[in-house]
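Worksheet: the structure to be examined is printed underneath.
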There are 2 protein chains.
Amino acid sequence: MPQTMKDKILDAAEKRVRGAGFSAMSFRDLASDVGIKSASVHYHFPTKPDLGEALVDRYTSQFKEQLEQIDTTGLQTALDSYVALYSQALVLDETICLCAIMGAEAIGLPKNVNQKTKAFFKMNRLWLLDLFQRHSVQNPEDTSCLIVAALEGGMIVASSSDDRAMFDQIAKAAIRSIAKI
Amino acid sequence: MPQTMKDKILDAAEKRVRGAGFSAMSFRDLASDVGIKSASVHYHFPTKPDLGEALVDRYTSQFKEQLEQIDTTGLQTALDSYVALYSQALVLDETICLCAIMGAEAIGLPKNVNQKTKAFFKMNRLWLLDLFQRHSVQNPEDTSCLIVAALEGGMIVASSSDDRAMFDQIAKAAIRSIAKI
DNA sequence: GAATGCCTATCAACTGATAGGTAGCTATGT
DNA sequence: ACATAGCTACCTATCAGTTGATAGGCATTC
């Protein structure tokens, strides 16, 4: 299955946004990344908000696919797998979660992009909520919120401190706190 | 004590960065905010990295001052005061922590700004570490990291979801998890 | 007379976006 | 079988607006 130009553009955009932010990324950057001209990028994504929306949309659905592949029969192993999804981004790609930076920039971003970012966080919370309810974790609503916040914040603090071990430390502490809240 | 132009510029910069990010803020924005011309902003802060560094520096020292005023004799009340510092930003100014967004944008920012952001997080961790050690909290290192990450991430998730109550929910869950990790 | 704190004017580079052209492919009608 | 029409996916060229930054002028203050 060959990769379409649209996907190549989104790949380049994701890399740049996760590295430096949405407003720091330009159509010309993306054009040179994928080997076409900026006018051709506009052909695939008419405006920048269009691109942002498609970007977060794809990120969310890809993340959802990975969530659905996690074996949720054991609480501990499920959480380990969940944390690994976040950890991968930090270690392999040397970038943080797309929605962490989109969320941080939120006030200055187009509304449609904000809605998609909001949806990403909600999806994460709901997945955790279901997991916690099925494993009889106390205060499942509060706990799911805390885990998402700790992991997103953990990526930012660890990335900013240039200390990847700190993310693992935070993630472990977050998971250890579960069932005791 | 009259406010200097330098401080007025930093005030405007802080508001804009916390709202939309460092790369989304321009010298002309700041100039019009404080009623001078962009060339005059360059007089006070020669380059953008200079401004960024001064901004995070001031933010950190102001935050430190507030930390030092917190009564730390009681663990619970001290934590409540600490959380209130974060909560204020979200509720009153309708913006997130300066270092949350500076940390999120980190990879695309000047190195000197990154160092200052890193220092802010470290200061927070050390303040909590001292608090936890003096109150015999278990795993004080892990716990202090977790609290900082949860609060920074909580601001992003709550702000992005346009749900301020969610921040309080996350903060309460984070604090409740202490002493049980 | 020198330093401070602003100004006007200007610069090259970059931004998102548009207009209009072109090569290649495909579907249709005769 | 073959011309025609239309679509896709790019291109060049250009636009007005914005960006960080600089040079040089002009008051006011010390």
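The chains referred to below are lettered A, B, ... by the order of the sequence lines, with proteins before strands, and numbering in each begins at 1.
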Under 4.0 angstrom, heavy atoms only, what part of the nucleic acid is A/Tyr43 near: base, sugar-phosphate, or nothing? base
Give the rounded distance in Å between these two atoms: CD1 of A/Ile9 and P of D/dA9. 11 Å
Among D/dA21, C/dC6, C/dA17, the one nearest B/Ile36 by side-chain distance: C/dC6
Candidates C/dA17, C/dT18, D/dA21 - which lies nearest the side chain of A/Ala39: C/dT18
In plain terms, say whether A/Arg134 and A/Asp130 are close enough for a salt bridge, that is, a side-chain N and a carboxylate O under 4.0 Å apart. yes
Given the options B/Glu14, B/Glu65, B/Glu53, B/Arg58 meets salt bridge (Lys or Arg N to Asp or Glu O under 4.0 Å) only with B/Glu14
So what does A/Lys48 hit on the nucleic acid, given a heavy-atom distance under 4.0 Å: a base, only sugar-phosphate, or nothing? sugar-phosphate
For A/Lys37 and C/dT22, give me the distance from atom NZ to atom P, rounded to whole Å. 18 Å
Choosing from D/dC11, C/dC7, D/dT19, which nucleotide comes nearest the side chain of B/Ser26? D/dT19
Spacing between A/Phe27 atom CZ and D/dC10 atom P, to the nearest angstrom: 15 Å
Rounded to the Å, how far apart are A/Phe22 CZ and C/dG16 C1'? 11 Å
Return no unless some side-chain N or O of A/Ser40 is found under 4.0 Å from OP1 or OP2 of D/dC11. yes
Has the side chain of B/Thr77 got a donor or acceptor atom that lies under 3.5 Å from a matching backbone atom of B/Gly74? yes
Return the value, rounded to whole Å, for the distance between atom CZ of A/Phe45 and atom P of D/dA9. 12 Å
Does a nitrogen or oxygen in the side chain of A/His42 sit under 4.0 Å from OP1 or OP2 of C/dA19? no
Residue list, side-chain hydrogen bond (donor to acceptor under 3.5 Å, both in side chains) with B/Thr60, at least two apart or on another chain: none
In this structure, how many angstroms lie between the P atom of C/dA13 and the CG atom of A/Asp29, rounded? 16 Å
Of the listed C/dA17, D/dG20, D/dC11, the closest approach to the A/Arg28 side chain comes from C/dA17
Send over the distance from A/Leu30 CG to C/dT15 C1', rounded to a whole Å. 13 Å
Given D/dT19, D/dA21, C/dT8, the nucleotide with the shortest approach to the side chain of B/Pro49: D/dA21
d(CE, B/Met25; P, D/dA21) in whole Å: 10 Å
Strictly below 4.0 Å, N to O, side chains only: are A/Asp168 and A/Arg164 in salt-bridge contact? no
